[in-house]
Amino acid sequence: MAEKKPTGKVGGQTAPGAEVSLMALQDSAQWLRVTLNSIGDGVITTDQNGIVTMVNPVAQQLTGWTQEMAFGRSLIDVFHIVNQETRAEVSNPALRALEQGIIVGLANHTILIAKDGTERNIDDSAAPIKNDKGAVAGSILVFRDITERYKQEQLVRDGRAYAENILRTLRHPFVVLDKDLRVVSANHSFYSTFHVEPGDTEGRLIFDLGSGQWNIQELRGLLEDILPKSGNTIEDFEVVHEFPEIGRRVMLLNARKVARPGNHSNLILLVIEDITERRAAEENLRDSEMRYRRLFQTAKDGILILNAKTGKITDANAFMGGLVGQEASELLGKELHEIGMFGDVDASKHAFRELQENGYVRYEHLPVKNQHGGSVEVEVVANIYQEDHTLVAQCNVRDISQRVVLEKKVQEQTEQLAEESRRKDEFLAMLSHELRNPLAPIRSALYLLKSQDKGSENSIQRQAREIIERQVGSLTKLVSDLLEVSRVVTGRIRLDLHKVELGHIVDRALETVTPLIRHHRHEVVLHPCPDGLWVSGDATRLEEIFVNILNNAAKYTPEGGKIDIWCEHCERDQTQVRVRDTGVGITEDLLAHGRLFDLFAQADRSLDRAAGGLGIGLSLVQRLVALHSGTVEAKSDGLGKGSEFIVRLPRTKAPDLEASPEPGAAASHVEGRKEGAGCRGQCRPVDAGEHGSPPEGVFGAGRRERPGRDRDRAAVEPGRGAAGHRPAGREWIRGGAALAGGPDSPAREAYRADRIRA
């Protein structure tokens, strides 16, 4: 039988074979030292003053202090510990055990700094050593290196924090249930989405939350029946429910069974994805696609969808199939030239390359052949755009056969109208010239009749002569207007441009219209024109413009009415002449649509049909003003409220009279004086009466008053005429000559004849 070896003494009890050990170990301190050196934790003992008495091998390894180095030194020097987070010195637990006589555990996150500076995470505790009398005789400090364990625990803590942060920031609501379907926890999205609080949620059955809003039959079936039978996982389970506060929601549920850390009890992770908006968007997309397909197929234009890289047709509507004589499905996969467009392969490829380079092409009057041998003209508009990350080309093909027919008819009608207009212009020109020929001898015969002894004609002859004279005058005016408009329309009119003073032109025009003004007993006010209103124009044609405007004002202003005339500067180097009357006015329709200046346009003739003429005067005004780079405008507040005509012309600088003028330059500047000198035999100045007034029966053209006079206007008074004179023997005011003998005088007749000959 083998000899038993001693097993040692533990806790004061003797094990089998202990007798041998007790005999070998007489000193209990030696036995204790051996025991402390044999354990796997670091052990340091101190006396009652905190002086190190023993450091076991593990403690020596962890602190870096040997028994010889540590013996007799303060525990604080050997056992140097700090807080891991703050690096502050930590109270030594062995010293606290000495002071308080109790067992003291180390604080969390304690680091031991070895003699060589190595740092280790440690834990465990210190206890006082008491003698047989119960007094504290020293302390024992037991500690161990937990660096690796701490690292693993930190990894677990970090992983848990990471997972919790993920769950906390999940956009979808997330809830954890225990095996009894009670809420263990939930994320912020769950609370905010379904309007519940953590205190009213955790620990309660999910079906009881929010006054039973989660008591959903489908959810019960999922958690109680389906989940246990499905292998502990449910994915994309759709539930539709009406919630009291948030309304009808469509939810996608994902559930999974997991084991709880620690006791490994079952937990259910339930993720709730609200897909209400997604479902609504999908429905809208389906509806939109349906509407698109409906429009696509019922469109009355051909529509082709092509692959933007290959040029092959990927979609076509029914109308396109009808254009080329095939079913829409038969066009798929073909190129444009294969369905009869662009004639041949080269033309088709060229058109498609142009589309790829520019992103847009347009073709008009493109012939397309169909499968029945016919051809139709189409208009093609094609562009490239991106659809579902793919470039596609869309071609809109419109059948323009009927439009082509209409265009041809319109072109033919336009040509016919142009031909008719040309013939009309030629007819007017020929008519005016032909009518002018018999007028000259008729007017000469009338002049002879008037020149004979007036006593030789009886009353009937005199009345007949006056009728013929009046009608010949009207006919002469009509022929003159026809001649002028025919010249303008046919482009045969040529302007003799010189610098002319606008005020002088207005004076001459007023003098020409004087007989008509006197006949209607109008009051004419010629407001003073500022000096230096020079324009570049044809004096004869400019006078004709204002004669027509003044004549129009006189004809359509009732007897005794008033006509005002202004010459003014205006903006942008323009000058203007305004003629305002108190006549019958102009309708809004004529003004708004610009019909007033149309050829042969006439306003209301209810007052006097004979006064209407042919309706070409204002049209002639507009054309002549345009030839002078000017504009003419008409204004009126309505019928019976008068009208106003404004002629604007570009202003120019006054001519340099000191320099040698070119032939004809500034001729109109002195034309008034020459005219006055040239008509001495036919015109005479108005003799001043006793008070400087003209005699009865003498009609003078409006004159321009000079500054400083009592009046600022020149008026043609009914029955008296204008104060258009100066005292006898003084210099004439420009345009101020009065015509003697009235409107039917030989001088006036000669003037009219001169205009006809022009």
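Values in this document were obtained by computation on a predicted structure and should not be read as measured data. All residue numbers refer to positions in the sequence shown, counting from 1.
For the pair D180 and L205, the tightest heavy-atom approach, listed with the atom from each and the gap, is O-CD2, 3.1 Å. When all heavy atoms are compared, the tightest approach of G105 to S125 is CA-CB, 3.9 Å. The heavy-atom pair separating I384 from L355 by the smallest distance is CD1-O, 3.5 Å. Taking each heavy atom of M341 and V380 in turn, the nearest pair found is CE-CG2, 3.9 Å.
Using a cut-off of 4.0 Å between Lys/Arg side-chain N and Asp/Glu carboxylate O, R278 and E283 are scored as not salt-bridged. Electrostatic pairing of R149 and E153 counts as a salt bridge here, judged by a charged N lying under 4.0 Å from a carboxylate O. D315 has a carboxylate O that lies under 4.0 Å from a charged side-chain N of R293, or vice versa, which qualifies the two as a salt bridge. Contact check on R362 versus E379 returns a salt bridge, with a Lys/Arg side-chain nitrogen under 4.0 Å from an Asp/Glu carboxylate oxygen. E242 and R249 are not joined by a salt bridge, as no carboxylate oxygen comes within less than 4.0 angstrom of a charged side-chain nitrogen. Look at R403 and E364 and you find no salt bridge, because none of the NZ, NE, NH1 or NH2 atoms lies under 4.0 Å from a carboxylate O.
For the residue pair Y385/Q394, the side-chain donor-acceptor check at 3.5 Å is satisfied. With no hydrogens or angles considered, no side-chain donor-acceptor pair links Y292 and Q297 at under 3.5 Å. Side-chain contact, E89 with H80: a donor N or O sits under 3.5 Å from an acceptor N or O. N284 and E282 are not linked by any side-chain donor-acceptor pair at a separation below 3.5 angstrom, with hydrogens and angles left out of the test. Residues N187 and S189 bring no donor and acceptor atom of their side chains to less than 3.5 Å of each other.
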side-chain hydrogen bond (donor to acceptor under 3.5 Å, both in side chains) between Q154 and D158, worked out: CA-CA 6 Å; Q154 187 63 38; D158 291 345; 2.8 Å; yes
Could you walk me through whether Q60 and K115 pass the side-chain hydrogen bond (donor to acceptor under 3.5 Å, both in side chains) test, one step at a time? CA-CA 10 Å; Q60 294 178 34; K115 190 173 185 298; over 6 Å; no
Between D116 and T118, does the side-chain hydrogen bond (donor to acceptor under 3.5 Å, both in side chains) criterion hold? Intermediate values first, please. CA-CA 6 Å; D116 61 359; T118 303; 2.9 Å; yes
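L253 places a side-chain heavy atom less than 4.5 Å from the side chain of L219. In this structure, the side chains of I140 and V43 come closer than 4.5 Å at one or more pairs of heavy atoms. At a threshold of 4.5 Å between non-hydrogen side-chain atoms, the residues V176 and V183 do not count as touching. Inter-residue side-chain proximity for V136 and I129 is flagged as unmet; no heavy-atom pair is nearer than 4.5 Å. A heavy-atom distance below 4.5 Å is found between the side chains of L181 and I268. Between T314 and L306, the closest side-chain pair of non-hydrogen atoms is not below 4.5 Å. In this structure the side chain of T233 never reaches within 4.5 angstrom of the side chain of N254, judged on heavy atoms. E148 has its side chain within reach of K151: a pair of non-hydrogen atoms, C-beta onward, lies under 4.5 Å apart.
A side-chain donor-acceptor contact under 3.5 Å links T45 to the backbone of M54. T147 contributes a side-chain N or O that, together with a main-chain N or O of N121, makes up a donor-acceptor pair within less than 3.5 Å. Within the 3.5 Å criterion, the main-chain N or O of D200 finds a donor-acceptor partner in the side chain of R204. Between the D178 side chain and the L267 main chain, no donor and acceptor come within less than 3.5 Å of each other. With hydrogens and angles ignored, the 3.5 Å screen pairs no side-chain donor or acceptor of R220 with any backbone N or O of N215. Between the side chain of N317 and the backbone N or O of F296, at least one donor-acceptor pair lies under 3.5 Å.
In this structure, R248 is not positioned above the aromatic face of F243 in the sense of NZ or CZ being under 6.0 Å from the six-membered ring centre and within 45° of the axis.
If you take CD1 on I81 and OG on S91, they are separated by 7.5 Å, rounding to the nearest 0.5 Å. Atom CD1 of residue I103 and atom OG of residue S139 lie 12.5 Å apart, to the nearest 0.5 angstrom. The CG atom of N307 sits 9.0 Å away from atom CG of L391, with the distance rounded to the nearest 0.5 Å.
Classification of the F143-F79 ring pair by plane angle, with boundaries at 30° and 60°, yields tilted.
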